[in-house]
Amino acid sequence: MFLPRRARPSIRSQAIMTSVLAGISLPLPALADTAAQARAPGKPAPAETVSVSARRGANGAGQHNAHSETVISRQELTNRNIRVMTDIQRVAPNLTIQPSFGSGALNFTLRGVGLMDFTQNNTPSTMPYLDGVALPVSIMTTGMMFDLDDISIAAGPSGYTHGQATTGGEIDFHTADPTRQFHAGITEDIASYGRNRVEGYISGPLSRSVSFRIAGQSMTGGGYQHNAAGQGFGNANLGALRAKLKWDIDDTSNLIVGGHWTTDQSEYASGHNLYNSYHVPVTQDLYETEWGLDPRFAKIIGIDGNNTKPREDNIFWGANVRYTKNFSWGRLSTISAYEMADEHELTNQTDSVLSYGNMFRNNQTNVFSQEVKLESIDPGARFHWETGMYYSRSRMAQNFWYDSSDRPGTTPLNQTRYRQNQQNFNQYVQLSYRILPRLRLIGAILHESDDRQMLNVTSTNYNLDTGGIVGKPTDFGNSGALSNEFGGRVGAQYQFTRNIMGYVMFSRGFKPGGFSANITQQAAQLRPFKPEQILTYEGGFKTMLFDRRLRLNAAGFYYDYRDQQLLGTVLVPPYGVLGGYVNAPRSYIYGAEFDAEAHPFHGMVLTQNFGYQNGVYSQFQSLNRSATTANFAATGVWQAINTNYDNVNMGLANLTLSGAAAYTWTVFHDYRMTFDVDYSYRGRQTQPQYIGQTGIYRSPAYFLVNSFLTFAAPRQHWSVTVYGQNLADRRYWLSAGTQATFYGVIPGMPRFVGARINYTY
């Protein structure tokens, strides 16, 4: 039976159905802190069923799905110390998660497909979801990494079975549901650099049919950067709450109402300066950063000028309602959601003590989404279908200020403000039919319309000394971008034996275009970049061997990319080279993935992930950022230098590896010890705006080793863990970026050691 990539909210129940069809008996683990443990017989099983992992050998669910997917379970999130978003790339093949340079926003890339959205106003190529709700502005993902049942990562075009169409794939965060029995838990985690993380939840019944769950986290400290004077930088200051209320209306229907709230006042993503043309000293200490803030700049924009550190002051909140109804012929499910971001972000683009290069972003964005879906649920049927509609509407008001007082001929302070309205409507149908006992054919089609407008774009220049307006504000008016596209996929899967399945899939995906909204000085900067299309070819197999002691899955892929959207460079004299989005007419990406899990003897678990990817531009010409900057440094004149990048490598991190060995044994009859050693490796990578560059523009490969030791008392419901991350204290980069003639990198985490205490009731 074919299953959609992540047809939430029913993917878990469907995964169980597929295993029944294949004749596999699923042993469902008893998880004390999940809703599945308390599920009554006969209840519908959409998202409330026990969390199944397609990557764990003790569970065969997902082994009969015709796609490649990585699922990181609740336990693995704990074992691997996955505390922030960028940690996820340590355990998933061909996944990159990078801070947008000088910002708390993130960029998600799968198999080389992703958009570095530093302006935070465009649809991501790889979409994050929270419990089935799309988060099209990546900074909305802040603070969600707690009380999760699992994270699923599915590569390739999406939108055929739910949500919004994308070209790269999606990352789904699934939070724990209310339980019918009372459960509570608290975790205290203390580590190096003063990092302190407290997480807790309480869950249980309010009546025979109504249950609730409330969870929260607080994270402070952990700043491992410093300046030349020894002042620390990078401390977190984040708090988050999440709540769910579940009403089992009857044996065939339920209603879940949820909400979440996050406040973030952290010091975010300051870089280490590797190069500049202003003769600012460059040190060899990767963790040294600098910052400066012109008090005149602070006064004009109305922020505290005594605190000169780059920082966030953000609030995120949202609410959603989910309804599920089972009929004899199928299932109806709906999701209504509202998400809000109120962002105030001060960044230092030069990573230096110089007081220019500061940018202040004020961003208020809200997103409303509605999805309605119908699907068949008979696991024994030869024919399966699902159809639905997804609608989203966003309203954004951005206002950002940029200090360019270092460059002759510019006005020292520029303010660009605009509103952006966007709405998206996706309709999809997916069918699958078992034409032979072991052969199933799959087909899907979608149509999506995306309409977005940039409204009242205004550029205003200010005098830093007086705070007054220089000249007259420039009103660039309105711009629009409308796309109507069809996508689809066809494929087949064949069940060779009960435990060996193979599949092939051909897909056409797309993503709408958008706008570059960055220090607008010319009308040409507001021309929308084009939608991108991708044709994907994927084949693979999934096996479960030796009485479920060995699982080995593998997939290979080839992507034919058209009008690839990427962060490039535009020249805007006298401001210089600025980030701007461009389309590469033709390119291609190919690669492979496999993951394995072995249980050689009782208590021992071995895991291994492998990812390989390589991308090449086959038709692309663009401005050469490095050559243009170097020419300015030599001549003092901004002049565009273009380069033909045909047959130039994209500079993707070709190889990503991760693995772990964990052994659990019993001590003193009632207690357990677990010892783990795990590693991750990431190959060299070039940032998209530095195509073809080497040296400091290409981040070096790195290899990380981590370990933990846990002493647990299952009957007393407590455990104590000591752990170490990056034990070899490797120096590595997460991302890099530039501001005119400055180039810096965001360093990864150094060695951290810590202890974690957990108690559940």
Side-chain angles (χ1 to χ4, degrees), residues 1-7 10-11 14-15 17-18 21-22 54 62-69 110-111 113 125-127 154-170 373-376 379 381-390 426-449 484-496 500-511 531-542 553-563 588-593:
M1 174 184 175
F2 169 72
L3 291 176
R5 173 165 284 105
R6 294 304 292 177
S10 61
I11 184 66
Q14 289 183 351
M17 295 175 191
T18 56
L21 280 175
Q63 289 298 102
H64 304 276
N65 300 357
H67 63 84
S68 176
E69 181 180 26
L110 271 170
R111 294 179 176 175
V113 182
S125 299
T126 297
M127 180 73 74
S158 63
Y160 310 113
T161 60
H162 71 286
Q164 193 167 335
T166 64
T167 47
E170 54 192 53
K373 180 175 179 176
L374 283 169
E375 58 189 316
S376 60
R382 299 181 67 179
F383 176 66
H384 286 270
W385 55 269
E386 51 191 310
T387 183
M389 297 182 293
Y390 170 84
N426 179 25
Q427 314 96 57
Y428 54 84
V429 176
Q430 178 164 279
L431 309 173
S432 67
Y433 187 73
R434 191 176 67 244
I435 61 173
L436 296 173
R438 295 186 178 185
L439 177 64
R440 180 169 288 273
L441 300 182
I442 307 118
I445 189 171
L446 68 86
H447 170 263
E448 183 176 273
S449 174
N484 281 280
E485 298 278 353
F486 284 90
R489 62 182 178 187
V490 294
Q493 68 180 92
Y494 190 81
Q495 199 71 40
F496 295 96
I500 302 177
M501 183 271 288
Y503 69 92
V504 292
M505 190 69 66
F506 167 73
S507 306
R508 181 190 186 273
F510 64 89
K511 186 176 80 73
E532 65 177 16
Q533 300 86 36
I534 194 166
L535 301 176
T536 69
Y537 308 82
E538 180 176 338
F541 63 85
K542 299 184 178 183
N553 298 339
F557 60 89
Y558 179 87
Y559 289 178
D560 183 359
Y561 221 156
R562 314 291 176 93
D563 293 320
Y588 60 89
I589 303 171
Y590 60 90
E593 298 162 352

Between Tyr428 and Glu386, is any side-chain donor less than 3.5 angstrom from a side-chain acceptor? no

Between Arg111 and Tyr559, do the side chains contain an N or O donor and an N or O acceptor separated by less than 3.5 Å? yes

4.5 Å side-chain heavy-atom contact, [X] and [Y]:
{"X": "Asn65", "Y": "Tyr503", "answer": "no"}
{"X": "His162", "Y": "Tyr390", "answer": "no"}
{"X": "Arg489", "Y": "His67", "answer": "no"}
{"X": "Val429", "Y": "Trp385", "answer": "no"}
{"X": "Phe557", "Y": "Thr536", "answer": "no"}

Please name all residues satisfying side-chain hydrogen bond (donor to acceptor under 3.5 Å, both in side chains) with Tyr588, sequence neighbours left out, ordered by chain then number. none

Before you tell me yes or no, could you show the steps for Phe541 and Ile500 under side chain to side chain contact (heavy atoms under 4.5 Å, CB included), namely the whole-Å CA-CA distance, both residues' side-chain angles and the distance that decides it to 0.1 Å? CA-CA 7 Å; Phe541 63 85; Ile500 302 177; 5.5 Å; no

[X]: side chain to side chain contact (heavy atoms under 4.5 Å, CB included) partners, not counting sequence neighbours:
{"X": "Thr166", "result": "Met127, Ser158"}
{"X": "Asn484", "result": "His447, Ser449, Leu482"}
{"X": "Ser125", "result": "Val113, Leu115, Thr167, Lys511, Glu532"}
{"X": "Ile435", "result": "Tyr433, Leu439, Leu441"}

Okay, side chain of [X], backbone of [Y]: is any donor-acceptor separation there less than 3.5 Å?
{"X": "Arg434", "Y": "Arg440", "result": "no"}
{"X": "Asp563", "Y": "Gln533", "result": "no"}
{"X": "Lys373", "Y": "Thr161", "result": "yes"}

Partner set under ring-ring contact (aromatic ring centres under 6.0 Å, His included) for Phe506, not counting sequence neighbours: Tyr537

Derivation of the side chain to side chain contact (heavy atoms under 4.5 Å, CB included) call for Glu448 and Glu485: CA-CA 6 Å; Glu448 183 176 273; Glu485 298 278 353; 5.7 Å; no

For Gln493 against Ala66, the heavy-atom pair lying closest together: OE1-CB, 3.6 Å

Worked verdict on Phe510 versus Arg562 for side chain to side chain contact (heavy atoms under 4.5 Å, CB included): CA-CA 9 Å; Phe510 64 89; Arg562 314 291 176 93; over 6 Å; no

